[in-house]
Each structure stands twice: as structure tokens, then as C-alpha cells.
2 protein chains.
Amino acid sequence: MQSSPPENNRTRATRSVTLDDVAKLAGVSPITVSRVLNHPDKVAVKTLEKVQKAIALTGYVPNMLAGGLASKRSRLIAAIVPSIANSVYAETIKFFSERMRDAGYQVLLGESGHKQEQEESLIATILRSRPDGIFLTGINHSPQAKKMLFAANIPVVETWDITPTPLDVVVGFSHQDVGRAVAEYFVDKGFERIGILSAEDHRAQLRQQSFLKVLERKGKTDVSISTVPVPTSFLAGRIGMARLLDEGFIDGAVFSSSDTLAQGALAEIQSRGLEIPRQIALVGFGDQPYAAHTVPPLTTVKFDRALIGQKAADALISRFNNEKFDQKIVDVGFQLIERQTT
Amino acid sequence: MQSSPPENNRTRATRSVTLDDVAKLAGVSPITVSRVLNHPDKVAVKTLEKVQKAIALTGYVPNMLAGGLASKRSRLIAAIVPSIANSVYAETIKFFSERMRDAGYQVLLGESGHKQEQEESLIATILRSRPDGIFLTGINHSPQAKKMLFAANIPVVETWDITPTPLDVVVGFSHQDVGRAVAEYFVDKGFERIGILSAEDHRAQLRQQSFLKVLERKGKTDVSISTVPVPTSFLAGRIGMARLLDEGFIDGAVFSSSDTLAQGALAEIQSRGLEIPRQIALVGFGDQPYAAHTVPPLTTVKFDRALIGQKAADALISRFNNEKFDQKIVDVGFQLIERQTT
DNA sequence: GGAGCAGATGGTAGCGCTATCATTTATCTC
DNA sequence: GAGATAAATGATAGCGCTACCATCTGCTCC
């Protein structure tokens with residue numbers, strides 16, 4: 001037998017300060033302390049100060065698990081993106097979580113890897129934390145996922161795309177419109193040969209389809225397509241472009257499904273000593289910060305990633321506050337930025 | 001008065017399935033259902049199946065808030081990075097959260113914006129969720145932050161840097177060593193003029209200091225320094241490099257504090273028609289995916305971002321499991337990758 | 001065949017907080 | 001200054017789960 005007891009009374013030893021401790025020290029009831037934290041306007045100024053002093057003195061940290069259980073509001077928000085490491089999604093999340101934090105919510109992040117089944121299992125897991133709302137990327141979800149979301153009975157905001165039939169709210173823009181706009185731009189500029197450098201990404205495919213449809217209508221059916229797997233990269237752009245070039249593609253314009261790919265393509269074109277845009281023209285997608293500063297500066301499709309994040313947060317917050325005005329569909333639009341690669 | 005009641009009985013109406021419901025349906029006690037979920041090996045196979053059937057039938061989703069409150073294990077992990085949108089940190093987080101998820105934990109993400117006071121307030125907020133562990137970037141934290149972390153009494157893993165005195169565990173590498181290694185490499189290669197293109201980032205400054213110290217010892221005190229603010233960008237790299245070039249820097253080697261800056265620098269150098277590496281040599285930092293494929297391929301310092309994330313997760317997980325072996329300091333090292341910009 | 005034991009299951013209590021309603025105290029009106 | 005109203009505070013109960021210990025069953029063993 002040991003003289004000092006083992007660590008099995010850890011719970012007691014490390015027991016942290018609770019709301020009751022603060023209440024006792026301040027000489028008020030626990031519920032008053034709760035009010036100081038959650039509805040300070042409903043407490044007399046004198047009491048408020050007394051309690052706040054006690055909070056500071058004890059170093060009290062509210063327990064959101066207990067609060068969430070009692071109030072049925074976890075103040076947690078789930079966010080699911082295809083890829084955390086892709087700065088394009090990361091930027092949306094940055095602005096989304098910033099605004100959610102300002103409103104008193106914390107963000108639980110998950111990565112679906114562009115896979116529906118992974119998104120589904122992620123939703124199942126993340127719902128255990130009883131988030132008050134959920135941020136999804138895209139509008140395509142498995143039936144089971146939709147069922148779970150419906151059963152969870154919480155606000156859902158879908159992003160990055162647009163649909164007349166969102167699960168709840170959708171914030172994004174039309175990828176079909178993007179495809180059409182670029183196709184029409186290529187036709188207007190009079191490019192003879194047309195190519196596509198695209199990732200195997202759902203939204204990229206949407207853009208590609210409408211892009212091709214417009215060209216077809218104009219009689220252009222001979223479009224060279226180079227597809228690369230997700231996640232995309234600079235290297236994938238080089239390889240994808242190399243494939244196009246090796247097949248004899250020249251004196252034409254290429255629509256790339258991302259700026260990252262376009263940047264790789266740029267490198268490949270330059271390494272072959274071809275002239276941009278005279279021999280190869282290029283349009284990116286995303287207007288990443290570097291797009292304006294590549295050599296030559298990249299023509300690309302711009303849309304506001306930050307705005308998507310903010311509007312998505314606003315949509316959830318207005319739902320939480322039971323606000324009347326609920327715009328179910330928020331189109332943030334896009335813009336073709338003409339620089340020097342076309 | 002309305003004929004149908006208003007929505008104030010929402011709690012009852014949308015009341016979700018609880019563990020008790022499952023227990024009743026399966027004809028067992030609630031605690032047995034709990035065991036099925038948390039310790040399935042302690043339940044008879046027959047009972048297990050019966051309960052699992054009931055779970056599937058009811059669509060039961062465990063409530064982690066309740067479970068966490070009762071067990072004092074939230075299965076939440078807090079992670080704080082300087083910048084979510086910076087793919088370098090994002091990649092570490094990706095691998096960290098992947099491994100944590102496999103172990104049954106979810107990640108709460110926060111952004112400190114490279115600021116200590118913001119990190120501090122973030123820690124205060126995030127501790128309310130009673131995370132079981134916390135992932136920090138860097139080893140510099142405010143005294144108040146350290147106090148809160150200590151009071152929280154949970155495992156802490158600091159990353160991206162190394163120190164003999166971590167708060168708890170540290171996973172990273174020595175930035176001083178990086179600075180020294182690059183300086184020695186420049187001296188060995190015989191570069192006459194030396195420049196620095198660096199962000200106002202704490203770790204970049206560490207590298208810069210030891211870099212300068214080595215050069216000084218070799219008698220090189222005339223180093224041109226161009227500093228740019230965080231967050232860094234391609235454009236910042238161009239601007240920073242332009243400043244160096246405008247000051248007459250030529251026929252020398254530049255140590256850039258990130259590949260992003262280096263890529264911008266590359267564009268600036270090329271746009272001026274200077275030859276790489278004959279007139280300007282360049283070393284980046286990070287070995288981003290594109291570094292090997294720029295034109296010309298970038299010499300840079302490589303370190304394993306994924307490994308940092310994984311090792312950090314492993315450190316926390318081994319702590320949770322009360323495993324004996326606890327390596328307090330995990331050095332993942334780095335490597336100078338010589339390509340064609342030097 | 002009954003002591004002894006491991007394995008399976010259940011009862012009780014409580015984690016730390018907040019919703020709800022009740023009560024007390026301050027403020028107002030004429 | 002009595003009565004009415006509003007503001008401030010408190011008592012009670014319970015959110016959904018798990019730790020802890022108790023109980024029960026079936027089995028082995030000599």
C-alpha cells in the first residue's frame with residue numbers, strides 16, 4: 001500500500017470553478033450568475049459588478065457543454081468543406097468563422113474530400129455535437145445525409161453553388177452561368193481553337209457542361225479536353241497543359257477550372273517558349289490573390305469568397321434570431337476579369 | 001386566441017430520440033445502451049445486436065454534450081492557427097484533424113492572426129467548450145494564456161517550432177537551425193551579395209536572426225533586407241523583391257521567408273529580364289507543392305507539414321490513453337532542397 | 001452440490017447549467 | 001400613500017448522459 005493515495009480522486013483534485021462557486025462568492029443565487037453571463041441587461045448594475053468581480057477573482061470559465069445541454073443551444077456550428085488545405089475554401093471558412101465567432105458561435109470543421117459518402121459519415125459524426133447550424137459546401141448530398149439533416153432540425157446553409165431548391169438556404173453563384181459567360185467571351189474574341197483544362201470536380205464539371213453547350217450552339221464541337229484529378233495543384237496544371245500541347249493544341253484559348261491549374265499551365269507554356277496570349281490564351285477561375293500578378297497577369301473569373309462566408313454566417317445568425325426576412329437564395333454573382341492572358 | 005398553439009412548445013415537438021428511447025425499444029436499461037456505444041466489448045453479443053437494431057430503427061444520434069458533461073470528456077480538441085487561409089497551416093490542420101477524427105475527436109478551429117492577444121482571447125473562448133486537448137501554433141503565448149491553459153489542466157501540444165521548455169509537448173523543428181543552414185549554404189556556394197526577403201512573422205524573424213549571425217561571423221555584414229507584412233502573398237513577394245532590385249541588389253542570393261514570397265519574387269525578377277540564378281539566386285521556405293515546378297524550379301527548405309499534424313495528434317492521443325512513453329519534444333527536422341534557382 | 005468467480009446488466013446519483021414560474025423589491029400614478 | 005406595474009432575484013426541476021457500485025446469472029471446481 002502506498003502512503004499517498006493514487007490519482008483516482010482526480011476529478012475532485014482538479015475540479016474546476018463552477019457557476020455555484022461564483023454565486024457563493026458573490027453572495028447571489030446561481031441563476032443570477034447565469035444571467036450576468038447570458039442576459040446582463042436583466043441584472044441590476046450593482047449586482048452585475050459584484051458578480052463580475054467574483055468571476056474575475058475565481059477565474060471562472062463557463063462550461064458550454066452544461067449550458068448547451070440545459071438550453072438546447074450548443075453555440076457550435078458545423079462546417080464541411082471538400083478540402084481544408086485548398087485556400088479557396090479556407091478563405092470562405094475564415095470569413096464564415098470570423099463572423100460566427102463575433103456572434104458567439106464556434107466552428108467545428110470537417111473535410112469531405114469531395115466525396116459524398118465521406119460527407120455523409122462526417123455529418124453523422126458532427127451532429128453528435130448538436131451544432132446549432134451547419135455549413136455545407138455544394139448542393140449535392142446523399143439521401144441519407146439529407147435525412148439526417150432534416151431530422152436534426154437545424155438551419156443548414158449550402159454554399160458555393162446555387163439552386164432553386166436549397167435544403168434551407170443557399171449562398172453562392174451559378175456555375176452554369178460561368179461556363180456560358182466564358183464560352184461567349186471566347187466566341188466574341190474570335191478564338192478558333194478551344195480547349196479545357198479541368199479538374200474532376202463537380203462544380204468544374206457544371207461549368208464545363210454549359211461551356212460546351214454554348215460552343216456547340218455556335219458550331220464549335222471540336223474542343224480539346226484535358227481532365228486532372230482532385231485535389232488540383234500547380235503540377236497538375238503543368239501536366240494537364242502539357243497533354244493539350246502534346247496533342248498539338250496551339251493558336252487557341254484554354255478555359256482552366258482553377259487559377260492553380262492555370263498557373264501551372266502558364267509555367268508549362270512558358271517553359272516551351274510559346275507566346276501568351278498570341279499562341280495560347282488562358283482563362284482561370286477564382287481570381288486568387290496572385291492571379292493579377294503572374295507574368296503575364298491572368299484573365300480569370302472572379303467571385304467573392306469572403307462574401308460567401310459572411311453571407312452564409314448572416315443567414316444562420318438571422319435564423320437563430322428568428323428574424324422575419326429570410327432570403328432563401330443568395331446569389332453573390334461573378335465577374336470575368338480580363339487581363340493579359342487573353 | 002389562436003386555434004392552433006404557437007411554436008413555443010418546440011422543444012417537445014422536435015424532441016429528438018434519446019438513449020432512453022432506444023433502451024425502451026430494445027428492452028434493456030439505458031446504461032446498457034450507453035455501454036453498447038462506448039464499451040461494446042462489455043456487452044453480450046446478443047444484447048449488442050438487439051440494441052444496435054434499436055439504434056438503427058430510431059435513428060438515434062448520441063448527444064455529445066450530455067455525454068461530455070457526464071463523463072468529463074468532451075471529445076473536442078481546440079486548434080489555433082495564425083491563418084486558416086494559409087495553406088501551409090491548413091495542411092498541418094488537415095492531417096491533425098484527420099488523425100484526431102480517427103481517434104474519435106472533433107476539431108474546433110480558431111484563427112489567431114499571428115497576434116498574441118487574439119490568441120489569448122481565442123483560448124479563453126474555446127476553453128468554454130471544455131476541449132480534451134489543445135493544439136497551438138508556435139511557442140510564444142501571453143502569460144495570461146499560459147495561465148488559462150494551465151488552469152484548464154488539459155494536454156497542450158505546441159507546434160511548428162521547438163523549445164527545450166514546452167508547456168507540455170512540442171512538435172516542430174528549429175528555425176534557428178534553418179537560418180544557419182541557409183547562411184552556410186550561401187557561403188559555401190560563394191555568393192558575394194546576400195539579401196533577405198522576409199515576412200514580419202515571428203518564426204521568419206528567428207530564421208533571419210540566426211542567418212545573419214552566421215554571415216556576420218563570416219565577415220558579411222552588408223545584407224540587404226526587405227520586410228513585408230503578414231499575411232504574405234504573391235504580390236508582397238513581387239513588391240518586396242522589387243524594392244531589393246530597385247536598391248541595386250544584383251549578382252547575389254536572396255533568402256525568402258516563404259515559397260509564396262519567393263514565387264512572387266521569381267515573377268518580379270523575370271519581368272525585369274534578369275537571369276536566374278546567374279544574376280539573382282533565390283531560396284524559398286516551405287517546399288510547397290508548386291516549388292518543384294516553377295520556372296526555374298525553386299531551391300527551398302522542406303519540412304513535413306503533414307508529419308507535424310500527425311505527430312501532434314499522436315502526442316495528444318497517447319496522453320489521453322495515459323500511455324507511459326511521452327516524448328515531450330518531437331523534432332521533425334528539415335532539409336535544404338537544391339533546385340535551379342541557386 | 002455449494003463456494004467462488006467472472007461476466008452481464010441494472011439502479012442511483014449527479015455532471016453544471018438554464019427554462020420556467022414564483023416571489024420580492026423598487027418605481028410609478030393620481 | 002394605496003394600488004398597480006415593472007424590475008430584480010430566487011427556488012425548483014430537468015436537459016441526456018455516464019461513473020460507480022450493486023445485483024444477478026451461469027459456470028467452474030473440488
Side-chain angles (χ1 to χ4, degrees), chain A residues 7-12 14-24 26-51 54-55 58 60-76 104 127-130 132 152, chain B residues 7-12 14-24 26-51 54-55 58 60-76 104 127-130 132 152:
Chain A
E7 272 200 45
N8 62 357
N9 59 347
R10 215 180 71 172
T11 305
R12 194 157 307 273
T14 68
R15 181 183 157 282
S16 58
V17 182
T18 69
L19 187 136
D20 278 36
D21 299 329
V22 176
K24 247 166 244 162
V28 298
S29 78
I31 190 68
T32 299
V33 178
S34 169
R35 265 193 283 257
V36 167
L37 294 164
N38 300 312
H39 311 280
D41 53 306
K42 302 203 165 177
V43 177
V45 179
K46 226 173 142 180
T47 315
L48 193 75
E49 284 168 355
K50 204 166 51 178
V51 172
I55 289 175
T58 53
Y60 170 63
V61 178
N63 184 330
M64 278 182 52
L65 300 183
L69 182 61
S71 68
K72 300 198 174 295
R73 303 182 62 202
S74 65
R75 299 207 156 269
L76 254 29
L127 285 178
R128 297 176 170 210
S129 299
R130 293 289 186 275
D132 291 338
Chain B
E7 273 201 46
N8 61 358
N9 59 349
R10 214 180 71 170
T11 305
R12 193 156 310 269
T14 68
R15 182 183 154 282
S16 58
V17 182
T18 69
L19 187 137
D20 279 35
D21 299 330
V22 175
K24 247 166 243 161
V28 298
S29 76
I31 189 67
T32 298
V33 179
S34 169
R35 265 193 283 258
V36 167
L37 294 164
N38 300 311
H39 311 280
D41 52 308
K42 300 201 168 180
V43 177
V45 179
K46 225 175 147 177
T47 315
L48 194 75
E49 284 168 356
K50 203 166 53 179
V51 172
I55 289 175
T58 53
Y60 170 64
V61 178
N63 184 328
M64 277 182 51
L65 300 183
L69 182 61
S71 68
K72 301 197 174 298
R73 303 182 63 201
S74 65
R75 299 208 157 268
L76 254 30
L127 285 179
R128 296 175 171 209
S129 300
R130 293 289 187 276
D132 291 339

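By convention in this document, chain letters (A, B, ...) are assigned in the order of the sequence lines, proteins followed by strands, and residues within each chain are numbered from 1.
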Testing the basics here: between Leu37(A) and Tyr60(A), what is the closest heavy-atom pair and its distance to 0.1 Å? CD1-CE2, 3.7 Å
Rounded distance (Å) that lies between atom P of dA8(D) and atom CD of Glu49(A): 14 Å
Rounded distance in Å - CG (Leu127(B)) to C1' (dG16(C)): 17 Å
Asn63(B) CG - dC17(D) P separation (whole Å): 6 Å
Which comes earlier along DNA chain D counting from the 5' end, the contact point of Arg35(B) or that of Gly67(B), where each point is its nearest nucleotide? Gly67(B)
Nucleotide nearest Leu69(A) when distance is taken to its side chain, options dG10(D), dC17(D), dG16(C): dG16(C)
Of dA8(D), dG16(D), dG10(C), the nucleotide closest to the side chain of Ser29(B) is dG10(C)
dA19(C), dA19(D), dA8(D): which one has an atom nearest the side-chain heavy atoms of Thr47(A)? dA8(D)
What's the closest nucleotide to the Ala70(A) side chain, out of dG10(D), dT18(C), dC15(C)? dT18(C)
CG of Leu37(B) versus C1' of dG16(D): gap in Å, rounded? 12 Å
Using heavy atoms to find the nearest nucleotide of DNA chain C for Leu65(A) and Arg73(A) separately, return the residue whose nucleotide is more 5′. Leu65(A)
Of all heavy-atom pairs between Gly68(B) and Leu65(A), which one has the smallest distance, and what is that distance? C-CD1, 3.9 Å
Looking only at side-chain atoms of Ala66(A), point me to the closest of dG10(D), dC17(D), dC17(C). dC17(C)
Closest heavy-atom pair, Arg73(A) versus Asp132(A), reported as atoms and distance to 0.1 Å, is CA-OD1, 3.5 Å
Using the side chain to side chain contact (heavy atoms under 4.5 Å, CB included) definition, which of the options Val28(A), Asp21(A), Asp20(A) pairs with Val33(A)? Val28(A)
Quick one: which of dG16(C), dT18(C), dT9(D) gets closest to the side chain of Asn38(A)? dT18(C)
If you check every side-chain atom of Tyr60(B), which of dT9(C), dC17(D), dA19(C) has the closest atom? dC17(D)
Among dC17(C), dA19(D), dA19(C), which is the nearest nucleotide to the side chain of Leu19(A)? dC17(C)
Shortest non-hydrogen separation from Leu76(A) to Met64(A) and the atoms involved: CD1-CE, 4.2 Å
Could you give the CG-to-P distance, from Asp20(A) to dC15(C), as a whole number of Å? 9 Å
The nucleotide from dT9(D), dG11(C), dC17(D) with an atom nearest the side chain of Ile31(B) is dG11(C)
